[in-house]
Protein chains: 2
Amino acid sequence: MSVMKPSEGKETSATHSAYLSLRQMILTGELPPGQKLKIEQLRSTLDTGASPVREALSLLTSDLLVERLDQRGFRAAPASLVNFNEILSLRCVMEDMALRQSIARTTADWEERLVLTHHRMKRAVEEGSIPKFEDAHKSFHMALLDNANSPILLRYCSQLYDLNIRYRYLAAGQTNYRKRDIAAEHEEILDATLRGDADEASATLIRHYRSTGEYLTDPLSKL
Amino acid sequence: MSVMKPSEGKETSATHSAYLSLRQMILTGELPPGQKLKIEQLRSTLDTGASPVREALSLLTSDLLVERLDQRGFRAAPASLVNFNEILSLRCVMEDMALRQSIARTTADWEERLVLTHHRMKRAVEEGSIPKFEDAHKSFHMALLDNANSPILLRYCSQLYDLNIRYRYLAAGQTNYRKRDIAAEHEEILDATLRGDADEASATLIRHYRSTGEYLTDPLSKL
DNA sequence: ATGTCAAATAATATCGATATTTTATGACGC
DNA sequence: GCGTCATAAAATATCGATATTATTTGACAT
């Protein structure tokens, strides 16, 4: 059974695609904070077996997006203002560190990657595709950090980035969609980085995060 | 089946105990770095089913102790000198941060917890029980950090602590077991912390880690 | 009415078996 | 001999079913 057209030779393990789907549903708030995650229900929603769902949930536990309760199954991680503030603080410290290390190790190859990911992000804005922009945005920010050559640090930054994104979605309903000029901020970060000005690049990056944070604090306090 | 004596009402999900066993085996090097982790083999070693083993391995993936390969199963995370150095660096930065935050929020209750965990650690040394000491040692170090009230940071520190312990075991075979006076170092850290001297406490803590690190670098370079 | 306990219900955790994929084996042609 | 391809063997990933454990329901006594 499961005759597969030769075209779709994609790498699709049931577990991995369940992981991606669930992750997306939690990040966007489709599965809201604290929600009980019943295996049987998810199994039918995702049209897959119980084992892949369980394994995906286990993996999401490590991303701090899912909590496992004693022997009472899983639930989407709760959200709170203090949790948000912790994420924001850690992000600032860790991205600052990663960015400085990256700049200290600048190579032509890295600079090109930055320009490229930045370009793709701008392009995604023009095209007006939100999900495309989200991906490109993360790619750009991670590219800024990945030259630090510190896989664990990068992993933590990536996790914290995702956790932060989730709060943006949670607050999005009520937020007056930010009027700041995000594009200009990205431009500044890129320029300072290419200039090798670590202080300026880091300060701008952190300001970028903190001001986004302030926009979210108010709506989130109503959680 | 599986008639359980009423006495052993312990919380023992097969997954959780598999998780603990595998984790221990990897930390101590019984499952060496890079080793292929075959489900069937582990299943019989741990005398449990395949599902708990798989789930435990998934969880260990998040602890960076296990890697998942495409669809080729799992293996114990590889070890290398650069990985060790990354862990050491991150630990110094993050524990420094956590310790300073903890000290900044000092309470009588926390001070008592420090004294208590420190005492238990000394006691474990006297008793000569290695595993007991290991547990107590970690408890003491985590207690130093947990007053920062930053669960995510604490989690990261705990992860990095474990990863570091693993390297200590890996190097242990060939290392001339350290002649430093560990106990005195702990004493210094505790005293400075109780005194509220964050600079001294942090400096001592980091020196503690770095000098342990130096002892390991040489044996590890032969990995 | 209200609280308690037991039976019924639902959900989780686990097992055993199967299908799929990867790796190892060996025959065949060059 | 050596590389290539088909086949066999092994291991993984997944499914379906069952046993366990938590939760709900409702009867009963207070």
Side-chain angles (χ1 to χ4, degrees), chain A residues 1-23 25-26 31-32 34-62 65-78, chain B residues 1-23 25-26 31-32 34-62 65-78:
Chain A
M1 186 218 272
S2 103
V3 181
M4 186 176 273
K5 276 158 279 173
S7 64
E8 48 171 331
K10 291 295 297 180
E11 59 110 340
T12 315
S13 80
T15 294
H16 190 242
S17 73
Y19 171 78
L20 292 178
S21 302
L22 288 171
R23 168 203 178 82
M25 289 197 277
I26 292 171
L31 292 173
Q35 171 136 135
K36 186 80 208 305
L37 302 176
K38 301 184 192 173
I39 306 289
E40 180 57 26
Q41 175 193 311
L42 295 175
R43 196 205 60 69
S44 68
T45 300
L46 301 178
D47 190 40
T48 186
S51 312
V53 170
R54 280 191 73 82
E55 229 177 286
L57 289 174
S58 288
L59 292 170
L60 287 164
T61 294
S62 34
L65 289 172
V66 164
E67 279 185 0
R68 141 174 281 165
L69 286 71
D70 199 38
Q71 14 239 90
R72 276 175 271 187
F74 302 86
R75 68 170 178 182
Chain B
M1 171 215 279
S2 96
V3 182
M4 188 174 272
K5 275 159 279 173
S7 65
E8 49 173 329
K10 292 294 296 180
E11 58 109 343
T12 317
S13 79
T15 295
H16 190 243
S17 73
Y19 170 79
L20 292 178
S21 302
L22 288 172
R23 168 204 179 80
M25 288 198 276
I26 293 171
L31 292 174
Q35 171 138 134
K36 186 80 207 302
L37 302 176
K38 300 185 193 175
I39 306 290
E40 180 58 24
Q41 174 194 313
L42 296 175
R43 196 204 61 68
S44 69
T45 300
L46 302 178
D47 190 38
T48 185
S51 312
V53 171
R54 282 191 70 81
E55 228 175 286
L57 290 173
S58 288
L59 291 171
L60 288 165
T61 295
S62 33
L65 289 172
V66 164
E67 279 186 0
R68 142 174 277 159
L69 286 72
D70 200 35
Q71 12 241 90
R72 275 175 273 186
F74 302 86
R75 67 170 180 183

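Reminder, nothing fancy here: chain letters follow the sequence lines and each chain counts from 1.
- One finds the NZ atom of A/Lys38 at 11.5 Å from the OG1 atom of A/Thr45 (value rounded to the nearest 0.5 Å).
- Two residues are said to be in side-chain contact when any heavy atoms from C-beta on lie closer than 4.5 Å; A/Leu22 and A/Leu46 meet this criterion.
- Side chain of B/Arg43 to main chain of B/Thr48: a donor-acceptor pair is present (N/O by atom type, distance under 3.5 Å, no hydrogens or angles).
- In this structure, CD in B/Glu55 is found 4.5 Å from CZ in A/Arg68, a value given to the nearest 0.5 Å.
- One distance of note links CG of B/Leu57 with CG of B/Leu65; it measures 11.0 Å at 0.5 Å rounding.
- A/Leu37 has its side chain out of reach of A/Val53: every pair of non-hydrogen atoms, C-beta onward, lies at least 4.5 Å apart.
- Side-chain proximity of B/Ser13 to the nucleotides C/dA13, C/dT22, D/dA13 is greatest for C/dA13.
- For the pair B/His16 NE2 and C/dT14 C1', the computed distance is 17 Å after rounding to whole Å.
- Remark: A/Leu42 CG to A/Arg54 CZ distance equals 11.5 Å, nearest 0.5 Å.
- Checking the phosphate oxygens (OP1, OP2) of D/dA11, no side-chain nitrogen or oxygen of B/Arg72 falls inside 4.0 Å.
- Rounded to an integer number of Å, the gap from CG of A/Leu69 to C1' of C/dA11 is 13 Å.
- Separation of atoms NE2 (A/His16) and CG (B/Asp70) is listed at 9.5 Å; rounding is to 0.5 Å.
- Distance CZ (A/Arg68) to P (D/dT21): 16 Å, rounded to an integer number of Å.
- Less than 4.0 Å separates DNA chain C from at least one heavy atom of each of the following residues of residues 35-47 of chain A: A/Lys36, A/Leu37, A/Lys38, A/Ile39.
- Taking every heavy atom of residues 48-57 of chain A and every atom of DNA chain D, pairs under 4.0 Å involve A/Thr48, A/Gly49, A/Ser51, A/Pro52, by number.
- Picking from C/dA13, D/dA22, D/dT14 the nucleotide with the shortest atom distance to the side chain of A/Phe74 gives C/dA13.
- One interatomic measurement links the two molecules: CD of B/Gln71 to P of C/dT23, which rounds to 10 Å at whole-angstrom precision.
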